[in-house]
Asks: 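Below are the C-alpha coordinates for one structure; questions will follow.
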Amino acid sequence: MAEKLTIGVLSQIRSFVRDPVTVVLAVLLPAIVIEGWGQAISNMPEMPTVESVPIELARIVGATLGVALVAGILGLVMIIGARSADRRLVVVGYSPSTVLVSRLLTIVGITVVIAVINFGVLSVNVSAEAPFLAVVFLALSGVLYACIGVLVGAILPRLFEGSLVIALLAMMDAFLSGESPLAADVPWWVEYFPLYHPKTLVQDTMLDGTYAMGDLLFVLGYLAVLVGLALFVFQRTMAVEGRWLR
Amino acid sequence: MNEVTQESEAEFGRKIISANDITKTYGSRLPFTRSVEVLTGASINVYPGEIVGIVGENGSGKSTLMKILVGVLDQDSGDVTRNGTIGWCPQETLLYDRLTVRETFRLFGTGYGLDEDEMTAAMDDLADRLDFERYLDYRVDHLSGGNRQKVNLGIALMHDPDVLLLDEPYTGFDWETYQTFWDLSEALVADDISIVIISHLLQERDRIDRIYELKDGTLSEVEN
(Lines give C-alpha, C1' and ligand atoms only; values in the text may rest on other atoms or scores of the structure.)
Protein backbone atom coordinates (compact mmCIF):
# COMPACT_ATOMS: atom_id res chain seq x y z
CA MET A 1 0.00 0.00 0.00
CA ALA A 2 2.71 2.48 1.07
CA GLU A 3 4.89 1.59 -1.93
CA LYS A 4 1.99 1.96 -4.35
CA LEU A 5 1.05 5.28 -2.77
CA THR A 6 4.61 6.57 -2.99
CA ILE A 7 5.01 5.50 -6.62
CA GLY A 8 1.56 6.95 -7.40
CA VAL A 9 2.36 10.35 -5.87
CA LEU A 10 5.80 10.50 -7.54
CA SER A 11 4.23 9.67 -10.91
CA GLN A 12 1.58 12.37 -10.46
CA ILE A 13 4.13 15.00 -9.52
CA ARG A 14 6.34 14.08 -12.49
CA SER A 15 3.36 14.28 -14.82
CA PHE A 16 2.40 17.69 -13.44
CA VAL A 17 5.80 19.36 -13.54
CA ARG A 18 6.51 18.02 -17.04
CA ASP A 19 3.67 20.11 -18.45
CA PRO A 20 5.14 23.64 -18.34
CA VAL A 21 1.94 25.31 -19.58
CA THR A 22 -0.04 23.97 -16.62
CA VAL A 23 2.72 24.96 -14.19
CA VAL A 24 2.92 28.51 -15.57
CA LEU A 25 -0.85 28.90 -15.52
CA ALA A 26 -1.12 27.50 -12.01
CA VAL A 27 1.42 30.04 -10.81
CA LEU A 28 0.41 33.08 -12.86
CA LEU A 29 -3.37 32.83 -12.89
CA PRO A 30 -3.97 33.35 -9.15
CA ALA A 31 -1.58 36.31 -9.14
CA ILE A 32 -3.61 37.93 -11.92
CA VAL A 33 -6.86 37.14 -10.11
CA ILE A 34 -5.64 38.82 -6.91
CA GLU A 35 -5.05 42.17 -8.56
CA GLY A 36 -7.90 41.87 -11.07
CA TRP A 37 -10.46 40.95 -8.45
CA GLY A 38 -9.08 43.53 -6.05
CA GLN A 39 -9.45 46.35 -8.56
CA ALA A 40 -12.82 45.18 -9.88
CA ILE A 41 -14.53 44.81 -6.55
CA SER A 42 -13.00 47.83 -4.81
CA ASN A 43 -13.96 50.11 -7.70
CA MET A 44 -17.63 49.26 -7.57
CA PRO A 45 -19.65 52.44 -6.98
CA GLU A 46 -21.20 52.99 -3.59
CA MET A 47 -25.00 52.84 -3.75
CA PRO A 48 -27.79 52.64 -1.17
CA THR A 49 -27.75 48.83 -1.15
CA VAL A 50 -24.13 48.31 -2.11
CA GLU A 51 -21.25 49.12 0.20
CA SER A 52 -17.78 49.70 -1.13
CA VAL A 53 -15.15 47.12 -0.26
CA PRO A 54 -11.64 48.19 0.72
CA ILE A 55 -9.10 47.13 -1.88
CA GLU A 56 -7.10 45.09 0.70
CA LEU A 57 -10.16 43.00 1.46
CA ALA A 58 -10.96 42.60 -2.24
CA ARG A 59 -7.39 41.40 -2.88
CA ILE A 60 -7.68 38.86 -0.05
CA VAL A 61 -10.91 37.55 -1.58
CA GLY A 62 -9.18 37.48 -4.97
CA ALA A 63 -6.34 35.39 -3.51
CA THR A 64 -8.77 32.92 -1.97
CA LEU A 65 -10.74 32.70 -5.20
CA GLY A 66 -7.58 32.31 -7.30
CA VAL A 67 -6.20 29.43 -5.23
CA ALA A 68 -9.61 27.73 -5.13
CA LEU A 69 -10.27 28.12 -8.85
CA VAL A 70 -6.88 26.80 -9.97
CA ALA A 71 -6.90 23.92 -7.48
CA GLY A 72 -10.47 22.99 -8.46
CA ILE A 73 -9.66 22.88 -12.15
CA LEU A 74 -6.41 20.99 -11.47
CA GLY A 75 -8.37 18.40 -9.51
CA LEU A 76 -10.83 18.09 -12.36
CA VAL A 77 -8.15 17.83 -15.06
CA MET A 78 -6.13 15.28 -13.08
CA ILE A 79 -9.14 12.99 -12.71
CA ILE A 80 -10.49 13.32 -16.25
CA GLY A 81 -7.14 13.36 -18.07
CA ALA A 82 -5.98 10.07 -16.60
CA ARG A 83 -9.31 8.30 -16.27
CA SER A 84 -8.63 5.47 -18.73
CA ALA A 85 -5.04 4.90 -17.61
CA ASP A 86 -6.21 4.98 -13.98
CA ARG A 87 -8.68 2.22 -14.77
CA ARG A 88 -5.85 0.10 -16.20
CA LEU A 89 -3.87 0.82 -13.05
CA VAL A 90 -6.79 -0.44 -10.95
CA VAL A 91 -6.99 -3.60 -13.05
CA VAL A 92 -3.29 -4.34 -12.50
CA GLY A 93 -3.70 -4.21 -8.74
CA TYR A 94 -3.90 -0.66 -7.37
CA SER A 95 -7.04 -0.12 -5.31
CA PRO A 96 -9.22 2.79 -6.42
CA SER A 97 -8.68 4.43 -3.04
CA THR A 98 -4.87 4.22 -3.46
CA VAL A 99 -5.13 5.85 -6.89
CA LEU A 100 -7.42 8.58 -5.56
CA VAL A 101 -5.43 9.22 -2.38
CA SER A 102 -2.22 9.52 -4.43
CA ARG A 103 -3.96 12.11 -6.61
CA LEU A 104 -5.31 14.00 -3.61
CA LEU A 105 -1.90 14.04 -1.90
CA THR A 106 -0.33 15.38 -5.09
CA ILE A 107 -2.99 18.05 -5.42
CA VAL A 108 -2.54 19.04 -1.76
CA GLY A 109 1.20 19.47 -2.37
CA ILE A 110 0.64 21.56 -5.51
CA THR A 111 -2.06 23.60 -3.77
CA VAL A 112 0.28 24.44 -0.90
CA VAL A 113 2.84 25.73 -3.42
CA ILE A 114 0.15 27.79 -5.18
CA ALA A 115 -1.03 29.14 -1.82
CA VAL A 116 2.51 30.19 -0.88
CA ILE A 117 2.95 31.98 -4.23
CA ASN A 118 -0.42 33.70 -3.83
CA PHE A 119 0.42 34.75 -0.34
CA GLY A 120 3.69 36.18 -1.62
CA VAL A 121 1.85 38.22 -4.27
CA LEU A 122 -0.78 39.30 -1.77
CA SER A 123 1.89 40.37 0.74
CA VAL A 124 3.22 42.97 -1.69
CA ASN A 125 0.11 45.09 -1.01
CA VAL A 126 -1.43 43.63 2.13
CA SER A 127 0.56 42.89 5.27
CA ALA A 128 -0.55 39.80 7.15
CA GLU A 129 -1.04 39.72 10.91
CA ALA A 130 -0.61 35.92 11.03
CA PRO A 131 1.23 34.92 7.83
CA PHE A 132 1.64 31.19 8.52
CA LEU A 133 -2.03 30.68 9.33
CA ALA A 134 -3.04 32.78 6.34
CA VAL A 135 -1.05 30.45 4.04
CA VAL A 136 -2.55 27.38 5.73
CA PHE A 137 -6.10 28.69 5.28
CA LEU A 138 -5.44 29.76 1.69
CA ALA A 139 -4.21 26.23 1.01
CA LEU A 140 -7.27 24.83 2.77
CA SER A 141 -9.50 26.85 0.42
CA GLY A 142 -7.66 25.31 -2.52
CA VAL A 143 -7.84 21.78 -1.13
CA LEU A 144 -11.61 22.13 -0.69
CA TYR A 145 -12.01 23.13 -4.31
CA ALA A 146 -9.53 20.46 -5.46
CA CYS A 147 -11.80 17.88 -3.82
CA ILE A 148 -14.79 19.43 -5.57
CA GLY A 149 -12.86 19.21 -8.86
CA VAL A 150 -12.11 15.53 -8.20
CA LEU A 151 -15.76 14.88 -7.34
CA VAL A 152 -17.08 16.70 -10.40
CA GLY A 153 -14.53 14.89 -12.60
CA ALA A 154 -15.60 11.50 -11.26
CA ILE A 155 -19.31 12.22 -11.76
CA LEU A 156 -19.11 14.28 -14.95
CA PRO A 157 -15.99 13.19 -16.85
CA ARG A 158 -16.08 16.01 -19.40
CA LEU A 159 -13.48 18.73 -19.30
CA PHE A 160 -15.50 21.62 -20.73
CA GLU A 161 -18.68 20.99 -18.75
CA GLY A 162 -16.74 20.21 -15.59
CA SER A 163 -14.66 23.38 -15.87
CA LEU A 164 -17.85 25.40 -16.26
CA VAL A 165 -19.27 23.88 -13.09
CA ILE A 166 -16.09 24.69 -11.12
CA ALA A 167 -15.73 28.20 -12.54
CA LEU A 168 -19.37 29.16 -12.00
CA LEU A 169 -19.41 27.73 -8.48
CA ALA A 170 -16.21 29.57 -7.60
CA MET A 171 -17.51 32.87 -9.00
CA MET A 172 -20.81 32.60 -7.11
CA ASP A 173 -18.86 31.59 -4.03
CA ALA A 174 -16.53 34.59 -4.27
CA PHE A 175 -19.42 37.00 -4.77
CA LEU A 176 -21.91 35.67 -2.25
CA SER A 177 -19.77 34.33 0.59
CA GLY A 178 -18.50 36.64 3.29
CA GLU A 179 -17.66 40.32 2.77
CA SER A 180 -18.83 41.34 -0.66
CA PRO A 181 -20.89 44.20 -2.08
CA LEU A 182 -23.45 41.62 -3.15
CA ALA A 183 -23.39 39.63 0.06
CA ALA A 184 -25.99 41.61 1.97
CA ASP A 185 -29.23 39.71 2.70
CA VAL A 186 -28.07 36.50 1.01
CA PRO A 187 -30.07 33.34 1.74
CA TRP A 188 -29.05 31.15 4.69
CA TRP A 189 -27.76 28.34 2.50
CA VAL A 190 -24.95 30.51 1.19
CA GLU A 191 -23.18 29.54 4.42
CA TYR A 192 -22.77 26.07 2.90
CA PHE A 193 -20.87 27.37 -0.12
CA PRO A 194 -17.35 25.91 -0.04
CA LEU A 195 -15.53 29.23 0.41
CA TYR A 196 -17.87 30.84 2.94
CA HIS A 197 -15.86 29.85 6.03
CA PRO A 198 -12.39 29.62 4.40
CA LYS A 199 -12.76 33.22 3.23
CA THR A 200 -13.52 34.30 6.76
CA LEU A 201 -10.52 32.35 8.07
CA VAL A 202 -8.16 33.94 5.52
CA GLN A 203 -9.54 37.44 6.10
CA ASP A 204 -9.37 37.14 9.89
CA THR A 205 -5.80 35.84 9.94
CA MET A 206 -4.66 38.39 7.37
CA LEU A 207 -6.28 41.42 8.96
CA ASP A 208 -6.65 40.56 12.67
CA GLY A 209 -4.27 37.66 13.25
CA THR A 210 -7.02 35.59 14.86
CA TYR A 211 -9.62 33.11 13.74
CA ALA A 212 -12.75 31.46 15.10
CA MET A 213 -12.42 27.75 15.92
CA GLY A 214 -16.02 27.27 14.74
CA ASP A 215 -15.04 28.35 11.22
CA LEU A 216 -12.07 25.98 11.17
CA LEU A 217 -14.12 23.02 12.42
CA PHE A 218 -16.78 23.74 9.80
CA VAL A 219 -14.14 23.72 7.06
CA LEU A 220 -12.51 20.50 8.31
CA GLY A 221 -15.92 18.81 8.50
CA TYR A 222 -16.74 20.04 4.99
CA LEU A 223 -13.41 18.67 3.76
CA ALA A 224 -14.01 15.28 5.40
CA VAL A 225 -17.42 15.01 3.72
CA LEU A 226 -15.97 15.95 0.32
CA VAL A 227 -13.10 13.43 0.60
CA GLY A 228 -15.58 10.73 1.67
CA LEU A 229 -17.87 11.52 -1.27
CA ALA A 230 -14.95 11.61 -3.71
CA LEU A 231 -13.71 8.22 -2.45
CA PHE A 232 -17.20 6.73 -2.71
CA VAL A 233 -17.84 7.99 -6.25
CA PHE A 234 -14.31 7.16 -7.48
CA GLN A 235 -14.54 3.63 -6.11
CA ARG A 236 -17.91 3.13 -7.80
CA THR A 237 -16.71 4.42 -11.16
CA MET A 238 -13.40 2.53 -11.03
CA ALA A 239 -14.75 -0.82 -9.86
CA VAL A 240 -13.40 -3.71 -11.92
CA GLU A 241 -14.00 -7.43 -11.76
CA GLY A 242 -10.71 -8.66 -13.17
CA ARG A 243 -7.31 -8.43 -11.57
CA TRP A 244 -3.88 -8.88 -13.03
CA LEU A 245 -2.39 -9.65 -9.64
CA ARG A 246 -0.10 -12.61 -9.26
CA MET B 1 -28.43 -29.00 -22.60
CA ASN B 2 -25.90 -26.23 -22.89
CA GLU B 3 -22.19 -26.53 -23.59
CA VAL B 4 -21.01 -26.09 -20.01
CA THR B 5 -23.11 -28.82 -18.44
CA GLN B 6 -22.02 -31.33 -21.09
CA GLU B 7 -18.40 -30.98 -20.03
CA SER B 8 -16.69 -32.79 -17.21
CA GLU B 9 -15.48 -30.90 -14.15
CA ALA B 10 -11.88 -31.61 -15.10
CA GLU B 11 -12.32 -30.19 -18.56
CA PHE B 12 -14.12 -27.13 -17.23
CA GLY B 13 -11.26 -26.58 -14.79
CA ARG B 14 -8.79 -26.40 -17.67
CA LYS B 15 -10.45 -23.36 -19.17
CA ILE B 16 -8.52 -20.17 -18.62
CA ILE B 17 -11.49 -18.04 -19.58
CA SER B 18 -15.06 -19.13 -20.00
CA ALA B 19 -17.81 -16.70 -21.01
CA ASN B 20 -21.40 -17.81 -21.53
CA ASP B 21 -24.35 -15.99 -23.07
CA ILE B 22 -22.90 -12.53 -22.63
CA THR B 23 -25.24 -9.69 -23.46
CA LYS B 24 -24.43 -6.01 -23.49
CA THR B 25 -26.48 -3.02 -24.56
CA TYR B 26 -25.18 0.53 -24.42
CA GLY B 27 -28.13 2.57 -23.21
CA SER B 28 -28.67 6.19 -22.33
CA ARG B 29 -31.18 7.95 -20.11
CA LEU B 30 -30.84 11.12 -22.15
CA PRO B 31 -33.59 12.05 -24.60
CA PHE B 32 -32.91 11.85 -28.34
CA THR B 33 -30.33 9.11 -27.88
CA ARG B 34 -30.78 5.47 -28.76
CA SER B 35 -29.67 2.22 -27.18
CA VAL B 36 -27.22 0.04 -29.05
CA GLU B 37 -27.43 -3.72 -28.60
CA VAL B 38 -23.83 -4.89 -28.98
CA LEU B 39 -23.71 -8.45 -27.63
CA THR B 40 -26.78 -10.68 -27.64
CA GLY B 41 -25.47 -13.98 -26.27
CA ALA B 42 -21.77 -14.36 -26.99
CA SER B 43 -19.99 -17.44 -25.60
CA ILE B 44 -16.31 -18.31 -25.75
CA ASN B 45 -13.90 -20.71 -24.04
CA VAL B 46 -10.14 -20.30 -23.96
CA TYR B 47 -7.85 -23.22 -23.07
CA PRO B 48 -4.20 -23.16 -21.96
CA GLY B 49 -1.58 -22.80 -24.66
CA GLU B 50 -3.80 -21.86 -27.57
CA ILE B 51 -4.10 -18.80 -29.75
CA VAL B 52 -7.68 -17.74 -30.30
CA GLY B 53 -8.60 -15.11 -32.85
CA ILE B 54 -11.75 -13.01 -32.70
CA VAL B 55 -12.68 -11.30 -35.94
CA GLY B 56 -15.58 -9.08 -36.88
CA GLU B 57 -16.48 -5.95 -38.74
CA ASN B 58 -15.86 -2.48 -37.33
CA GLY B 59 -18.41 -1.79 -34.63
CA SER B 60 -19.33 -5.45 -34.19
CA GLY B 61 -18.50 -5.30 -30.46
CA LYS B 62 -15.07 -6.94 -30.36
CA SER B 63 -13.55 -4.40 -27.97
CA THR B 64 -16.67 -4.48 -25.80
CA LEU B 65 -16.38 -8.27 -25.57
CA MET B 66 -12.71 -7.99 -24.66
CA LYS B 67 -13.37 -5.42 -21.93
CA ILE B 68 -15.98 -7.78 -20.48
CA LEU B 69 -13.55 -10.71 -20.62
CA VAL B 70 -10.91 -8.59 -18.86
CA GLY B 71 -13.39 -7.34 -16.27
CA VAL B 72 -13.27 -3.59 -16.87
CA LEU B 73 -16.81 -3.51 -18.24
CA ASP B 74 -19.86 -5.19 -16.75
CA GLN B 75 -22.03 -7.39 -18.92
CA ASP B 76 -25.81 -7.04 -18.68
CA SER B 77 -26.25 -10.82 -18.35
CA GLY B 78 -24.21 -13.98 -18.72
CA ASP B 79 -21.20 -15.32 -16.81
CA VAL B 80 -17.48 -14.87 -17.15
CA THR B 81 -15.08 -17.17 -15.31
CA ARG B 82 -11.36 -16.42 -15.21
CA ASN B 83 -8.92 -19.07 -14.01
CA GLY B 84 -5.56 -17.37 -13.99
CA THR B 85 -3.84 -14.05 -14.30
CA ILE B 86 -4.71 -11.82 -17.22
CA GLY B 87 -2.54 -9.57 -19.33
CA TRP B 88 -4.58 -6.97 -21.19
CA CYS B 89 -3.30 -4.94 -24.10
CA PRO B 90 -6.08 -2.49 -24.95
CA GLN B 91 -6.54 -1.03 -28.41
CA GLU B 92 -5.76 2.49 -27.19
CA THR B 93 -2.44 2.81 -25.40
CA LEU B 94 -3.71 3.41 -21.88
CA LEU B 95 -0.52 4.86 -20.44
CA TYR B 96 0.51 8.09 -18.73
CA ASP B 97 1.83 10.37 -21.46
CA ARG B 98 4.32 12.37 -19.43
CA LEU B 99 6.04 9.44 -17.71
CA THR B 100 9.08 7.81 -19.29
CA VAL B 101 8.92 4.21 -20.43
CA ARG B 102 11.08 3.18 -17.45
CA GLU B 103 8.79 5.02 -15.01
CA THR B 104 5.75 3.44 -16.68
CA PHE B 105 7.14 -0.07 -16.12
CA ARG B 106 7.89 0.80 -12.51
CA LEU B 107 4.38 2.18 -11.91
CA PHE B 108 2.60 -0.82 -13.42
CA GLY B 109 5.13 -3.32 -12.07
CA THR B 110 4.42 -2.08 -8.53
CA GLY B 111 0.72 -2.64 -9.23
CA TYR B 112 1.41 -6.21 -10.31
CA GLY B 113 3.27 -6.77 -7.05
CA LEU B 114 6.68 -7.33 -8.70
CA ASP B 115 9.78 -6.51 -6.71
CA GLU B 116 12.53 -4.23 -8.02
CA ASP B 117 14.61 -7.06 -9.55
CA GLU B 118 11.61 -8.70 -11.22
CA MET B 119 10.51 -5.35 -12.66
CA THR B 120 13.94 -4.59 -14.06
CA ALA B 121 14.33 -8.09 -15.49
CA ALA B 122 10.89 -8.00 -17.14
CA MET B 123 11.47 -4.53 -18.58
CA ASP B 124 14.93 -5.33 -19.92
CA ASP B 125 13.77 -8.62 -21.45
CA LEU B 126 10.70 -7.10 -23.13
CA ALA B 127 12.61 -4.00 -24.28
CA ASP B 128 15.17 -6.28 -25.89
CA ARG B 129 12.62 -8.61 -27.50
CA LEU B 130 10.32 -5.86 -28.74
CA ASP B 131 13.23 -3.58 -29.57
CA PHE B 132 12.49 -0.46 -27.54
CA GLU B 133 15.48 -0.49 -25.17
CA ARG B 134 16.85 2.79 -26.59
CA TYR B 135 13.58 4.52 -25.71
CA LEU B 136 13.46 3.52 -22.03
CA ASP B 137 14.16 7.09 -20.90
CA TYR B 138 11.82 8.70 -23.43
CA ARG B 139 8.47 10.08 -22.35
CA VAL B 140 5.53 8.06 -23.66
CA ASP B 141 4.13 11.09 -25.51
CA HIS B 142 7.47 11.47 -27.32
CA LEU B 143 7.30 7.96 -28.80
CA SER B 144 5.99 7.05 -32.23
CA GLY B 145 2.65 5.21 -32.43
CA GLY B 146 4.37 1.88 -33.05
CA ASN B 147 6.79 2.25 -30.14
CA ARG B 148 3.96 3.31 -27.86
CA GLN B 149 2.11 0.14 -28.85
CA LYS B 150 5.22 -1.91 -28.03
CA VAL B 151 5.25 -0.42 -24.52
CA ASN B 152 1.50 -1.03 -24.25
CA LEU B 153 2.10 -4.69 -25.10
CA GLY B 154 5.11 -4.88 -22.78
CA ILE B 155 3.02 -3.68 -19.83
CA ALA B 156 0.48 -6.44 -20.57
CA LEU B 157 3.26 -9.04 -20.56
CA MET B 158 5.55 -7.97 -17.74
CA HIS B 159 3.96 -10.13 -15.02
CA ASP B 160 3.96 -13.41 -16.99
CA PRO B 161 0.18 -13.75 -17.25
CA ASP B 162 -1.64 -17.04 -17.87
CA VAL B 163 -3.66 -15.48 -20.67
CA LEU B 164 -3.00 -12.48 -22.87
CA LEU B 165 -5.96 -10.53 -24.20
CA LEU B 166 -4.82 -8.40 -27.12
CA ASP B 167 -7.03 -5.87 -28.86
CA GLU B 168 -5.55 -5.03 -32.29
CA PRO B 169 -2.05 -5.47 -30.80
CA TYR B 170 0.05 -4.83 -33.88
CA THR B 171 -1.43 -1.48 -34.91
CA GLY B 172 1.51 0.70 -35.98
CA PHE B 173 4.07 -2.11 -35.94
CA ASP B 174 6.59 -2.22 -38.75
CA TRP B 175 7.12 -5.55 -40.53
CA GLU B 176 10.08 -6.55 -38.36
CA THR B 177 8.20 -5.87 -35.13
CA TYR B 178 5.16 -7.66 -36.51
CA GLN B 179 7.32 -10.77 -37.07
CA THR B 180 8.87 -10.35 -33.62
CA PHE B 181 5.38 -10.15 -32.14
CA TRP B 182 4.47 -13.52 -33.67
CA ASP B 183 7.77 -15.09 -32.58
CA LEU B 184 7.09 -13.86 -29.06
CA SER B 185 3.53 -15.21 -29.22
CA GLU B 186 4.79 -18.65 -30.26
CA ALA B 187 7.28 -18.64 -27.39
CA LEU B 188 4.51 -17.73 -24.93
CA VAL B 189 2.21 -20.44 -26.25
CA ALA B 190 5.04 -22.97 -25.89
CA ASP B 191 5.03 -22.02 -22.18
CA ASP B 192 1.28 -22.88 -22.04
CA ILE B 193 0.19 -19.22 -22.04
CA SER B 194 -3.06 -18.59 -23.92
CA ILE B 195 -3.50 -15.67 -26.28
CA VAL B 196 -6.73 -14.10 -27.45
CA ILE B 197 -6.27 -11.69 -30.34
CA ILE B 198 -8.93 -9.34 -31.55
CA SER B 199 -8.68 -7.99 -35.04
CA HIS B 200 -11.00 -6.96 -37.82
CA LEU B 201 -8.63 -8.81 -40.12
CA LEU B 202 -6.44 -11.77 -39.26
CA GLN B 203 -3.77 -12.11 -41.92
CA GLU B 204 -1.86 -14.90 -40.21
CA ARG B 205 -4.59 -17.52 -39.97
CA ASP B 206 -2.13 -20.40 -39.95
CA ARG B 207 -0.71 -19.17 -36.65
CA ILE B 208 -4.14 -19.15 -34.95
CA ASP B 209 -5.56 -22.32 -33.38
CA ARG B 210 -9.22 -21.30 -33.40
CA ILE B 211 -11.05 -18.33 -34.87
CA TYR B 212 -14.35 -16.90 -33.69
CA GLU B 213 -16.37 -14.46 -35.74
CA LEU B 214 -18.43 -11.88 -33.90
CA LYS B 215 -21.53 -11.10 -35.92
CA ASP B 216 -24.93 -9.77 -34.88
CA GLY B 217 -23.87 -9.90 -31.24
CA THR B 218 -22.96 -13.59 -31.09
CA LEU B 219 -19.73 -15.53 -31.55
CA SER B 220 -19.45 -18.49 -33.87
CA GLU B 221 -16.36 -20.57 -34.46
CA VAL B 222 -15.30 -20.45 -38.07
CA GLU B 223 -13.19 -22.89 -40.02
CA ASN B 224 -9.54 -21.88 -39.97
Side-chain angles (χ1 to χ4, degrees), chain A residues 1-23 74 77-103 106 110 155-158 161 235-246, chain B residues 17 19 66-75 79-100 102-116 118-119 122 138-142 152 155-165 167:
Chain A
M1 170 75 178
E3 191 188 4
K4 286 177 183 168
L5 206 55
T6 309
I7 293 288
V9 172
L10 280 175
S11 301
Q12 303 296 327
I13 292 172
R14 285 182 182 126
S15 289
F16 176 76
V17 298
R18 285 174 186 168
D19 189 354
V21 177
T22 313
V23 175
L74 273 180
V77 169
M78 276 193 167
I79 287 296
I80 295 176
R83 191 178 171 84
S84 301
D86 278 353
R87 182 169 280 263
R88 189 175 188 184
L89 217 49
V90 169
V91 179
V92 307
Y94 284 81
S95 69
S97 54
T98 304
V99 174
L100 184 66
V101 169
S102 72
R103 290 212 179 283
T106 307
I110 295 167
I155 296 170
L156 180 72
R158 291 163 181 259
E161 290 86 343
Q235 270 176 331
R236 289 292 297 267
T237 54
M238 284 286 153
V240 291
E241 259 186 60
R243 282 286 185 277
W244 296 354
L245 281 173
R246 291 191 296 172
Chain B
I17 290 182
M66 179 148 283
K67 284 177 185 167
I68 289 171
L69 294 180
V70 171
V72 293
L73 186 67
D74 288 333
Q75 66 272 26
D79 304 310
V80 180
T81 310
R82 304 171 192 90
N83 291 318
T85 52
I86 292 173
W88 175 43
C89 179
Q91 191 174 11
E92 327 86 68
T93 49
L94 301 183
L95 304 168
Y96 296 90
D97 279 352
R98 291 194 290 274
L99 294 184
T100 66
R102 197 183 296 278
E103 289 161 355
T104 302
F105 270 86
R106 188 164 163 69
L107 179 66
F108 281 92
T110 304
Y112 286 129
L114 304 179
D115 63 33
E116 196 70 43
E118 289 172 318
M119 265 187 260
Y138 279 51
R139 276 168 47 168
V140 169
D141 59 355
H142 292 170
N152 199 32
I155 294 298
L157 274 166
M158 72 180 293
H159 62 308
D160 290 330
D162 297 314
V163 58
L164 255 181
L165 297 168
D167 194 348

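Letters go in sequence order (proteins before strands), and every chain restarts at 1. These values consider heavy atoms only, across backbone and side chains, with no hydrogens, waters or symmetry-generated copies.
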Asks: Does any part of the side chain of A:Y94, heavy atoms only, come nearer than 4.5 Å to the side chain of B:T110, both counted from C-beta?
Replies: yes
Asks: What's the spacing between B:K67 NZ and A:R87 CZ if we round to 0.5 Å?
Replies: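 It comes to 9.0 Å.
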Asks: Quick one: CD on A:E3 to CG on B:D115, what's the gap to the nearest 0.5 Å?
Replies: 9.0 Å
Asks: Let me confirm one number: the OH-CG distance from B:Y96 to A:D86, rounded to the nearest 0.5 Å.
Replies: 3.5 Å
Asks: What part of B:D141 gets within 4.5 angstrom of chain A, counting heavy atoms only: side chain, backbone, both, or neither?
Replies: neither
Asks: If you round to the nearest 0.5 Å, how far is OG of A:S11 from CG of B:L99?
Replies: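 One gets 5.0 Å once the value is rounded to the nearest 0.5 Å.
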Asks: Look up atom CG in A:L89 and atom CD1 in B:I155, then write down how far apart they are to the nearest 0.5 Å.
Replies: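 Reported value, rounded in 0.5 Å steps: 10.0 Å.
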Asks: So, taking the atom named OG1 in A:T22 and the one named CZ in B:R98, what distance separates them when rounded to the nearest 0.5 Å?
Replies: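 A:T22 atom OG1 to B:R98 atom CZ measures 6.0 Å (nearest 0.5 Å).
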Asks: Is B:T100 in contact with chain A via its backbone, its side chain, both, or neither, using a 4.5 Å heavy-atom distance?
Replies: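 It is both, since atoms from each part get that close.
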Asks: Are the side chain of A:R14 and the backbone N or O of B:E103 linked by a donor-acceptor pair below 3.5 Å?
Replies: no
Asks: Out of B:L95, B:V72, B:V70, which residue meets the side-chain contact (heavy atoms from CB on, under 4.5 Å) rule with A:R88?
Replies: B:L95
